[in-house]
Student: 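Sharing a structure below in structure tokens format, with a few things to ask.
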Amino acid sequence: MPHMSVSNPLNGDYWGLCAMRYAGLALAFVSSCCYAFSGPMAKYLIAAGLAPIEAVWARMAGAGLLLVAVLAVVKPRALRIPRSRLPFLGLYAVVAVAGVQALYFVAITRLPVGIALLLEFMAPVMVVAWVRLVRKVRLARAAYIGAVVAVVGLGIVVEAWQGLRLDALGLLLGLLAGACCAGYFLMNDSFGDELDPLGLIAWGLLGAAVVLVPFARPWDIPWEAFTVSATPVAGAQTLPVLVAYLWMALVATVIAYILGVNAVRRLSAAVGATVASLEVIGGAIVAWALVGETLGAFQIVGGLIVLSGALLAQTATASVPPPPPAAPGLGEEPLGAPARG
């Protein structure tokens with residue numbers, strides 16, 4: 001008897017869900033590439049005379065003002081925050097934006113940069129643990145393994161064994177930076193439809209700039225530095241500091257945050273955090289191209305391992321259950337199907 005195909009109305013939903021998830025992966029990847037420019041571009045500002053925390057403040061304030069100004073003209077509705085969501089917005093600005101930046105920059109005053117970076121990018125493991133233990137959500141095995149593999153790869157990239165004697169306070173600050181980074185992904189995964197992602201990002205960046213004012217002391221920033229050109233190290237590309245700053249504010253902050261938030265909304269906090277670890281690899285490549293920093297064997301091998309972990313984690317998004325078989329008859333439930341309602 002010839003096989004007769006039966007159309008299934010759920011097929012459209014299934015393939016739509018797959019398309020949304022792969023779109024989320026693409027957004028997360030491009031977001032990581034944009035974030036990768038933040039470190040190398042900040043080096044031009046630092047070479048021109050700004051302190052690291054001053055460069056961070058300029059980045060947050062400039063990006064926040066730019067996005068608020070654009071939204072006020074193009075999409076003013078996005079800037080409206082319901083009064084009931086103001087506490088969430090405040091927490092987002094303090095934890096998801098300012099906390100990650102400030103704690104990381106304080107941590108590198110007590111730890112090697114590579115170790116501090118590794119601790120910050122413990123975020124994928126923290127997110128997976130939170131989702132499993134607190135939210136009680138059972139994840140695909142690929143999400144767990146991918147997060148761990150990515151962190152191991154990062155350890156090789158930064159050559160973590162070089163800084164085995166760790167300062168206790170620096171270790172705590174680095175882990176807190178990682179927790180704030182995890183909070184960024186979890187909060188992006190949890191806010192409802194009453195908040196526009198663009199408005200959340202705009203006010204979050206401005207709020208972070210306000211929080212960092214006592215530490216950055218913007219009135220002491222050498223603003224004349226933005227009128228010169230700088231070369232971070234011998235052999236690096238020379239760029240106008242203003243060009244480096246605008247690229248950092250627009251591409252490495254505004255575009256990166258917009259793509260990153262929308263990626264997590266399409267994927268999940270666990271997968272989005274693991275894919276975001278590619279930022280470290282992208283940053284190394286950009287630093288090699290612009291600043292002249294060399295890539296050693298450990299960076300290349302570790303980068304491949306990080307990439308493997310990210311690819312493994314993304315298979316968790318591919319574990320969408322196939323559409324259930326078509327109903328055997330009108331008004332009849334398929335065998336083993338859950339009851340409607």
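Just so you know, these numbers use all the heavy atoms, side chains as well, and skip hydrogens, waters and symmetry mates. On a predicted model such as this, the values are computed, not experimentally measured, just so you know.
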Student: Under the rule for ring pair (Phe, Tyr, Trp, His ring centres under 6.0 Å), what residues qualify as partners of Tyr92, not counting sequence neighbours?
Tutor: none
Student: If you look only at pairs with a residue in residues 49-86, which of them pass as a ring-ring contact (aromatic ring centres under 6.0 Å, His included), with sequence neighbours excluded?
Tutor: none
Student: Check whether Val94 and Val210 end up in the same hydrophobic cluster, where Ile, Leu, Val, Met, Phe, Trp and Tyr are linked by side-chain heavy atoms less than 4.5 Å apart.
Tutor: no
Student: Would you list the pairs meeting side chain to side chain donor-acceptor pair (under 3.5 Å) in which at least one residue belongs to residues 171-185, sequence neighbours left out?
Tutor: Tyr35-Tyr184
Student: How far does CD1 of Ile201 sit from CG of Asn262, to the nearest 0.5 angstrom?
Tutor: 6.5 Å
Student: Could you give the distance from CG (Leu206) to CG (Leu65), rounded to the nearest 0.5 Å?
Tutor: 5.0 Å
Student: Keeping to residues at least two apart or across chains, list the ring-ring contact (aromatic ring centres under 6.0 Å, His included) pairs with something in residues 194-229.
Tutor: Trp223-Phe226, Phe226-Tyr245
Student: State the CG-CD1 distance between Leu250 and Ile255, to the nearest 0.5 angstrom.
Tutor: 4.5 Å
Student: Take Leu242 and Thr227, measure what side chain to side chain contact (heavy atoms under 4.5 Å, CB included) needs, and give me the verdict at the end.
Tutor: CA-CA 7 Å; Leu242 182 59; Thr227 63; over 6 Å; no
Student: Cluster question for you: counting only ILVMFWY and a side-chain heavy-atom cut-off of under 4.5 Å, with indirect links fine, are Leu86 and Leu198 together?
Tutor: yes
Student: Just verifying a value: how many Å separate Ser229 OG and Tyr44 OH, rounded to the nearest 0.5 Å?
Tutor: 10.0 Å
Student: To the nearest 0.5 Å, tell me how far Leu79 CG sits from Leu200 CG.
Tutor: 11.5 Å
Student: Taking the side chain as every heavy atom from C-beta outward, state whether Pro232 and Gln237 have any pair of such atoms under 4.5 Å apart.
Tutor: no
Student: Kindly compute the distance separating CG (Leu66) from OG1 (Thr253), expressed to the nearest 0.5 Å.
Tutor: 10.0 Å
Student: What pairs of residues pass the salt bridge (charged side-chain N to carboxylate O under 4.0 Å, His left out) test when at least one of them lies in residues 28-38, not counting sequence neighbours?
Tutor: none
Student: The test is side chain to side chain contact (heavy atoms under 4.5 Å, CB included); show your working for Leu186 and Arg135 and say whether it passes.
Tutor: CA-CA 11 Å; Leu186 290 167; Arg135 291 186 179 175; 3.9 Å; yes
Student: Side chains of Thr231 and Thr238: donor-acceptor distance under 3.5 Å anywhere?
Tutor: yes
Student: Can you name the nearest heavy-atom pair linking Val56 to Gln101, along with the distance?
Tutor: CG1-CB, 3.7 Å
Student: Scan for salt bridge (charged side-chain N to carboxylate O under 4.0 Å, His left out) pairs involving residues 57-77, sequence neighbours excluded, and state none if there are none.
Tutor: Lys75-Asp196
Student: In this structure, would Leu205 and Ile221 fall into the same cluster of hydrophobic residues linked by side-chain contacts under 4.5 Å?
Tutor: yes
Student: With a 4.5 Å cut-off on side-chain heavy atoms, are Val148 and Val128 touching?
Tutor: no
Student: Which atom names give the shortest non-hydrogen contact between Glu54 and Gly49, and what distance separates them?
Tutor: OE1-O, 4.4 Å
Student: Ring pair (Phe, Tyr, Trp, His ring centres under 6.0 Å) with Trp247: which residues, sequence neighbours excluded?
Tutor: Phe37
Student: Looking at every non-hydrogen atom in both residues, tell me the closest pair between Val97 and Ala208 and how far apart they are.
Tutor: CG1-CB, 3.3 Å
Student: Taking all heavy atoms of Ser31 and all of Ala256, pick out the closest pair and write down the distance.
Tutor: OG-O, 2.9 Å
Student: So if you build clusters from Ile, Leu, Val, Met, Phe, Trp, Tyr with side-chain heavy-atom gaps below 4.5 Å, do Met126 and Val134 land together?
Tutor: yes
Student: List in chain and number order the residues that pass side-chain contact (heavy atoms from CB on, under 4.5 Å) with Val30, two or more places apart in sequence or in another chain; answer none if no residue qualifies.
Tutor: Cys34, Leu259
Student: Ala93: what forms a side-chain contact (heavy atoms from CB on, under 4.5 Å) with it, not counting sequence neighbours?
Tutor: none
Student: If you look at every heavy atom in Ala202 and Leu71, which pair is closest and at what distance?
Tutor: CB-CD1, 4.1 Å
Student: Does Val228 share a hydrophobic cluster with Leu45, counting links as ILVMFWY side-chain heavy atoms below 4.5 Å and allowing steps through other members?
Tutor: yes
Student: Nearest heavy-atom pair of Leu195 and Pro82: which atoms, and what distance?
Tutor: CD2-CD, 4.0 Å
Student: Can you pull the salt bridge (charged side-chain N to carboxylate O under 4.0 Å, His left out) pairs that have at least one residue in residues 247-261, sequence neighbours excluded?
Tutor: none
Student: Enumerate the side chain to side chain donor-acceptor pair (under 3.5 Å) contacts for residues 62-72, please, sequence neighbours excluded, ordered by first and then second residue.
Tutor: none
Student: Write out all pairs satisfying salt bridge (charged side-chain N to carboxylate O under 4.0 Å, His left out) with one or both partners inside residues 200-224, taking only residues at least two apart or from two chains.
Tutor: Arg217-Asp220
